[in-house]
Amino acid sequence: QVQLVESGGGLVQAGGSLRLSCTASGRTFSNYAMGWFRQAPGKEREFVATINWSGGTIYYADSVKGRFTISRDNAKNTMSLQMNSLKPEDTAVYYCATSPSLWGTVSSFEYDFWGQGTQVTVSS
């Protein structure tokens, strides 16, 4: 059974940084794309970033481009999201997800397993 566990969320002031991690088990990690999504209160879940199986192809939402960096370590079955220059509008529950494909997409419907989420709160 595939399991994804996020960690690293918390409370930070605007302009600060956080690093989220996602540890996967139950699937050959290096065979699948991964992604980060987030959901703010009262809003729909939205795409943040995705990384393909090898880490060689990456896409970001425009809202985080230049501030967030997604990466993966296939030897450790982990994926990370380095978040810099955080803004109050980044406040949300952040989810990691795995896709049954080598290549990631921006659509949450293309991901088949999800973590439980980690809260990120950015104060102004």
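- Using a 4.5 Å cut-off on side-chain heavy atoms (C-beta onward), Ile70 and Trp36 make contact.
- By the 30° and 60° cut-offs, the orientation of the rings of Phe47 relative to Phe37 is perpendicular.
- Val120 is not listed as a side-chain neighbour of Thr91, based on a closest heavy-atom distance of 4.5 Å or more.
- Between the side chains of Tyr111 and Thr50, at least one donor N or O lies within less than 3.5 Å of an accepting N or O.
- Panel note: side chain Asn52, backbone Thr57; a donor-acceptor pair is recorded below 3.5 Å.
- Evaluated for a side-chain contact (heavy atoms from CB on, under 4.5 Å) with Asp112, the options Pro100, Ser101, Ser99 yield exactly one hit, Pro100.
- Side-chain contact annotation: Gln119 with Thr121, donor-acceptor N/O pair under 3.5 Å present.
- A salt bridge does not link Asp90 to Lys87: none of the charged side-chain nitrogens sits closer than 4.0 Å to a carboxylate oxygen.
- Note that Arg45 lies in the cation-pi zone of Tyr95, set by a 6.0 Å cut-off to the ring centre and a 45° limit from the axis.
- Considering all non-hydrogen atoms of both residues, Ser124 and Pro88 come closest at CB-CG, 3.8 Å.
- Other residues, nucleotides and ligands place no more than 12 heavy atoms under 6.0 Å from the OH atom of Tyr59.
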Just do the side-chain hydrogen bond (donor to acceptor under 3.5 Å, both in side chains) check on Arg27 and Thr98 with the steps written out, would you?
-> CA-CA 10 Å; Arg27 171 178 273 182; Thr98 181; 3.2 Å; yes
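- You'll find the side chain of Ser7 stays beyond 4.5 Å of the side chain of Arg19, heavy atoms only.
- Side-chain atoms of Asn84 and Ser17 include a donor-acceptor pair closer than 3.5 Å.
- One N or O on the side chain of Ser54 and one on the backbone of Gly56 form a donor-acceptor pair closer than 3.5 Å.
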